[in-house]
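Notes for the one structure printed next.
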Amino acid sequence: MGEEYYRMQGLFEKAQEVAMYYGYSPIETPSFEFEELFTRGVGEETDLVEKEMYRIKTKGGDKLALRPEGTAPLMRAYVEHGMHTKPQPVMWYYSGPFFRHERPQKGRLRQFQQFGLEVMGSSKAIADALIIRTFFDILEDIGIPECVIEINSIGDSQCRPAYIRALTSYYKKHAAALCKTCQQRLKKNPLRLLDCKDPDCEQLKAQAPDSVGYLCAECKQHFKEVLECLDRMEIPYQLNPLLVRGLDYYTRTVFEIMAPIAEDGLEKDDKEKEAKDSEEEPPPPTKQLAICAGGRYDGLAKALGSRKPIPGIGGAFGYERILAIPDVTTPVPRIRKKPKVYFIQLGFEARLKSLTVIEMLRKARIPIQQALTKDGLSSQLAIAEKSGIPYVIIYGQKEALEETVIVRNMKNRSQETVPLEKLPAHLKRLK
Ligand code: HAM
């Protein structure tokens with residue numbers, strides 16, 4: 001609500017503007033899907049599905065899920081609506097709520113907003129670069145400081161099994177030193193071993209084999225081309241050979257854009273104490289979190305039952321995380337207009353006619369602010385003064401009878417009487 005709502009809307013409008021420029025078109029999918037879409041698409045054994053997905057059983061026995069992510073639903077839409085008959089690739093953007101049962105904390109919510117982009121129907125490296133370019137442009141336009149694009153390639157169904165074997169055999173040798181969760185991961189989903197934040201596991205990670213060393217010739221060539229595109233566009237990136245991402249559908253390119261998010265760790269009282277103790281207010285503590293992430297998913301369509309493979313690449317950013325970056329400025333949303341005039345009404349007759357006058361101003365696209373339920377000149381003038389609105393319309397009993405209004409300049413206090421029918425033109429002339 002309040003300012004936060006406008007910031008979120010401003011961010012959406014910026015993202016939409018950049019996406020439309022590059023040729024993505026809008027799509028919206030339902031908040032509910034059949035559970036199977038995610039168990040098959042994202043993977044039964046991923047944290048996202050196993051631990052975080054809200055599952056719902058209907059009275060009729062259908063198994064549904066609140067969508068934890070948007071890529072599998074978009075691929076379902078692509079197949080269901082026969083999008084392969086359209087010119088390829090199909091490029092989509094989407095925005096809306098997603099749901100994950102996580103431990104709520106700053107930047108980790110159970111209902112959060114994502115803005116996503118997908119390019120479906122192309123396996124070319126330029127499509128990967130286009131996705132990263134589009135997100136980079138959005139983030140650059142809103143002035144995100146110090147963001148880092150981390151990128152890796154995790155290969156495809158040809159070369160990944162060899163990598164997973166190497167990873168498993170490395171970790172098996174150190175199984176005793178792994179945390180409990182990682183001991184499970186070793187059996188079920190070895191790639192996730194690389195995501196663990198436990199200090200002992202992190203130490204082991206440093207020596208773990210990396211995926212790039214196991215890429216087949218085609219995957220190597222694809223990754224090389226993606227990096228060449230990024231170099232040519234002068235988009236800064238960091239190779240992170242241990243970046244794997246948590247969803248099973250990823251193949252080849254994976255990326256994450258990290259940024260410092262303000263932490264809410266301190267209680268308000270502590271913050272006030274700290275501010276008092278030091279002359280200057282200390283900068284808020286921050287932690288590095290992924291604000292945007294994605295990758296290629298060439299095997300997803302087949303996992304969902306499509307006979308033909310449909311290559312794709314995409315990503316999504318989290319609104320709440322971006323808005324938690326200190327000093328990030330989002331554009332003012334289009335619906336938010338700075339009022340030029342404050343409308344004051346006095347007396348019963350004037351109040352009755354006020355909405356008609358205001359409607360005339362709305363049609364003339366003159367933004368106003370009003371307080372129709374307030375009485376008395378001084379209380380209404382005080383609001384106008386406080387909000388810094390440059391002009392005031394005073395519409396009293398006399399003016400209502402004479403079909404005029406008084407227009408008052410709040411800076412030099414000059415006033416003039418203007419006939420109602422000339423009011424829109426008169427206000428438009430005022431600076
Ligand atoms: P993801 O990395 O799970 O990817 O989420 C993308 C972004 O959503 C994250 O980088 C983060 O900014 C935000 N996010 C995720 N979980 C939360 C949460 N609990 N609270 C607040 N923000 C959150 C996907 O969802 C993929 N579908 C992205 C993708 C599109 N890959 C290919 N196409």
Side-chain angles (χ1 to χ4, degrees), residues 8 11 15 19 24 27 29 33 37-38 41-43 46-49 51-54 65-78 89-120 122 127-128 130-132 134-135 138-139 144 147-152 154 192 195 243-261 264 287-301 303 310-325 328:
M8 204 172 262
L11 177 52
Y24 299 83
I27 177 166
T29 62
E33 294 275 358
L37 176 67
F38 301 107
V42 177
T46 57
D47 282 358
L48 187 71
V49 168
K51 300 199 186 120
E52 293 163 13
M53 191 164 79
Y54 288 98
L66 275 176
R67 59 176 186 180
E69 66 94 48
T71 311
L74 257 72
M75 186 54 90
R76 175 196 53 69
Y78 181 105
V90 172
M91 293 168 62
W92 273 323
Y93 76 85
Y94 55 98
S95 179
F98 292 85
F99 310 86
R100 295 181 189 179
H101 187 89
E102 305 217 52
R103 199 166 61 78
Q105 54 194 287
K106 188 84 184 183
R108 215 173 279 285
L109 303 155
R110 290 187 171 170
Q111 175 170 346
F112 57 98
Q113 296 281 126
Q114 267 189 2
F115 181 92
L117 299 170
E118 312 288 348
V119 175
M120 293 181 173
S122 171
D128 306 41
L130 172 63
I131 285 284
I132 295 173
T134 319
F135 281 121
I138 296 167
L139 298 178
I144 296 222
C147 75
V148 178
I149 303 176
E150 295 189 5
I151 191 164
N152 191 23
I154 56 168
R192 302 299 296 159
D195 274 346
L243 177 67
V244 287
R245 309 263 309 129
L247 320 180
D248 279 359
Y249 55 59
Y250 287 118
T251 49
R252 294 189 168 174
T253 316
V254 286
F255 70 90
E256 278 185 354
I257 305 182
M258 311 294 290
I261 311 285
D264 252 2
K287 62 174 169 188
Q288 284 285 327
L289 267 185
I291 50 170
C292 176
R296 182 161 274 290
Y297 43 86
D298 296 345
L300 173 61
I310 303 158
I313 166 90
F317 71 66
Y319 283 86
E320 292 85 355
R321 289 196 187 173
I322 290 189
L323 296 178
I325 299 173
V328 70

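Ligands are counted one by one from 1 in listed order, and the atoms in each one are counted from 1 as well. Here the structure is a predicted model, which is why all the values come from computation and not from measurement.
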Could you list, one pair per line, each nitrogen or oxygen of ligand 1 together with any protein nitrogen or oxygen closer than 3.5 Å, giving atom names and the distance rounded to 0.1 Å?
residue	atom	partner	partner atom	Å
ligand 1	2 (O)	Arg245	NH1	3.0
ligand 1	2 (O)	Arg245	NH2	2.9
ligand 1	3 (O)	Arg100	NH1	2.9
ligand 1	3 (O)	Arg100	NH2	2.9
ligand 1	4 (O)	Arg245	NH2	3.1
ligand 1	5 (O)	Gln114	NE2	3.1
ligand 1	8 (O)	Gln114	NE2	3.1
ligand 1	10 (O)	Ala290	O	3.3
ligand 1	12 (O)	Ala290	O	3.1
ligand 1	12 (O)	Ile291	O	3.0
ligand 1	12 (O)	Gly318	N	3.2
ligand 1	16 (N)	Arg100	NH1	3.2
ligand 1	19 (N)	Glu102	OE2	2.7
ligand 1	19 (N)	Leu109	N	3.3
ligand 1	19 (N)	Leu109	O	2.9
ligand 1	20 (N)	Gly107	O	3.4
ligand 1	20 (N)	Leu109	N	2.9
ligand 1	25 (O)	Arg100	NH2	3.1
ligand 1	25 (O)	Gln114	NE2	3.0
ligand 1	27 (N)	Glu69	OE1	2.7
ligand 1	27 (N)	Thr71	OG1	3.0
ligand 1	27 (N)	Tyr249	OH	3.1
ligand 1	31 (N)	Tyr250	OH	2.7
ligand 1	33 (N)	Thr71	OG1	3.0
ligand 1	33 (N)	Glu118	OE1	2.9
ligand 1	33 (N)	Glu118	OE2	3.0
ligand 1	33 (N)	Gly315	N	3.1

Ala259 versus Ile291, closest heavy-atom pair with distance: CB-CD1, 3.8 Å
Aromatic plane relationship, Phe115 with Tyr93 - under 30° parallel, 30 to 60° tilted, over 60° perpendicular: parallel
Ring-ring centroid check Phe112 Tyr319, cutoff 6.0 Å: no
Gln114 side chain to Ser95 side chain, donor-acceptor N/O pair below 3.5 angstrom: no
Test item: Arg110 side-chain N/O and Glu102 main-chain N/O as donor-acceptor pair under 3.5 Å: yes
Arg67 and Glu33 ion-paired at < 4.0 Å: no
